[in-house]
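Protein chains get the first letters and strands the later ones, always in sequence-line order, with residue 1 at the start of each.
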Amino acid sequence: MKAYLSAIFTILWKDFLLEVRTKEVVTPILVFVFLVIITFNFAFEPTPALLAVVSAGTLWVSFTFAGVLGLNRTFAMEKEKGGLDGLLLTPVSRDALYFGKLLSAFFFMLAIEFVMLPVFGILFNLPLFLPSLWLLTVLTTLGFAAVGTVFSAMAVNMRAREVLLPVLFFPIVLPVIIAAVESTSAIFAGAGAGRAEDWSEFARWLQLTAAFDAVFLVVSAALFQFVVQE
Amino acid sequence: MVTPTHDGTGAAAIEARGLTKAFHTQSVLRGLDFTLPWGACLSLFGANGSGKTTLVRTLATLTRHDSGTLRIASLDPARQATEVRQTIGVLTHQTFLYDHLTGLENLHFYGRMYGVPAMDTRIVELARALDFERYMSRRVHTLSHGMQKRIGLARALLHRPRLLLLDEPETGLDQHAIGILERLLKDHCAQGGSVFLTTHNVEKGLTMADHVAILVDGRIAYYQPRALVTPADFRSLYIRVAGVPV
């Protein structure tokens, strides 16, 4: 178990170090998300009535596309100099490799989202700290990264991976994105009206997201070995 | 064709029987048979497209063969892949190093993944043996190809593998580094380890090996002890067997 965890955190450490050195994932995606949010902010008049309907969609569209960009880079960095083969040659179980890469993608996406959520709050005139939204973001990102890590490993050897990854991946991850939009709408509706969110509506979608995460963490970890085997 | 046999001193480093591999409808390995005993170095020659790289990838557990039997150190790569990976050290055309990490960080990363004990001592030992100590703290993308290859070789040797699988290891190395490589491989075999290498360089391939083989269209067409061939004989033999100059 110690060796298993050590392998996972070694991959995470390596990816973190590479990101600090290259700034190829977080920085460009932060700029992308910021531009998307700014554009939507100018496109819509942020009235309280419109907020709940439009801003939830705006938020998750920008996070979803940012996530795909990040996932593409996560495995592309392994492709250079045959790093993926180097990883596959190590005497580490495939699911440990999967969890290592999953955690990298998860933390990179979460870092971007946690920087952008307050910016989004300021631009759309929402409270800066909504604990339920932050919890939802963590769970949604986990589900997104769980499925996305397998699909980006699958797409890494394809020529048009930037195009193919979203095409393959979005249909699977759609339930978690819909759940995120619906629960965010419930949160923003409450925040716009100056009251707490509709808890039962929020909890229903949150349960779906948590169930999605649990199922796809197990399924994706089991599938990963078949995806990377020639 | 001579069918190589086991040396009788226990399980061989590699035993392949009737090994086949196809990508879609394209057969790459077609019933390949050979045995590499412990303590021996085999140089495999073959034209481009003869299946050398696929064979190395199959032995390295990166590609799964379609049929036939393969044993690495008596282990079945299909069912005991993790144990096989602990036994082998692999160097291909790719160094498997991360460009934006230093040589030292790369070796630390792989050392942790392999669970290498006394890792710092082992890294210093390899850096001295392969003569790249001065370059260890430089990022890999700032190093020459030859220096990257030396660090890649150190990565392959880091966990003290008993079997080395090397795909054209001399490519990109200068004479000094090739001399180091030859000495390392000789020492490795003298200590009971085995080396399987592919090459196009007749002189180097014959110098390092004590068995030579020629791969033609996915089959071992020639396999003999090194002592039975000279470089000049081998060149004409190669043309006869493979149909093209080496």
Heavy-atom contact with chain B under 4.5 Å, split by part of A:A3: neither
Spatial distance of atom CG (A:L87) from atom CZ (B:F96) [nearest 0.5 Å]: 10.0 Å
Other residues, nucleotides, ligands: >12 heavy atoms within 6.0 Å of A:F129 CZ: yes
Residue part contacting chain B, namely of A:I8, when any heavy atom lies under 4.5 Å: neither
Part of B:L101 within contact of chain A (heavy atom distance under 4.5 Å): both
Residue pairs involving residues 35-45 of chain B (criterion salt bridge (Lys or Arg N to Asp or Glu O under 4.0 Å); sequence neighbours excluded): none
Chain A to chain B donor-acceptor contacts, backbone plus side chain, under 3.5 Å:
{"residue": "A:K14", "atom": "NZ", "partner": "B:Y98", "partner atom": "OH", "Å": "3.4"}
{"residue": "A:R21", "atom": "NH1", "partner": "B:H100", "partner atom": "O", "Å": "2.9"}
{"residue": "A:R21", "atom": "NH1", "partner": "B:E105", "partner atom": "OE1", "Å": "2.8"}
{"residue": "A:R21", "atom": "NH2", "partner": "B:E105", "partner atom": "OE1", "Å": "3.3"}
{"residue": "A:R21", "atom": "NH2", "partner": "B:E105", "partner atom": "OE2", "Å": "2.7"}
{"residue": "A:E78", "atom": "OE1", "partner": "B:Y98", "partner atom": "OH", "Å": "2.4"}
{"residue": "A:K81", "atom": "O", "partner": "B:F96", "partner atom": "N", "Å": "2.9"}
{"residue": "A:K81", "atom": "NZ", "partner": "B:D99", "partner atom": "OD1", "Å": "2.5"}
{"residue": "A:K81", "atom": "NZ", "partner": "B:Q148", "partner atom": "OE1", "Å": "3.1"}
{"residue": "A:D85", "atom": "OD2", "partner": "B:R57", "partner atom": "NH1", "Å": "2.8"}
{"residue": "A:L88", "atom": "O", "partner": "B:R85", "partner atom": "NE", "Å": "3.2"}
{"residue": "A:L89", "atom": "O", "partner": "B:Y114", "partner atom": "OH", "Å": "3.3"}
{"residue": "A:E230", "atom": "O", "partner": "B:R64", "partner atom": "N", "Å": "3.4"}
{"residue": "A:E230", "atom": "OE1", "partner": "B:T63", "partner atom": "OG1", "Å": "2.4"}
{"residue": "A:E230", "atom": "OE2", "partner": "B:R57", "partner atom": "NH2", "Å": "2.9"}

Identify each donor-acceptor pair in which a side-chain atom of residues 206-216 of chain A lies under 3.5 Å from a protein atom, sequence neighbours left out, and give them as a table.
{"residue": "A:T209", "atom": "OG1", "partner": "A:W205", "partner atom": "O", "Å": "2.9"}
{"residue": "A:D213", "atom": "OD1", "partner": "A:G143", "partner atom": "N", "Å": "3.2"}

ring-ring contact (aromatic ring centres under 6.0 Å, His included) partners of A:F32, counting only residues at least two apart: none
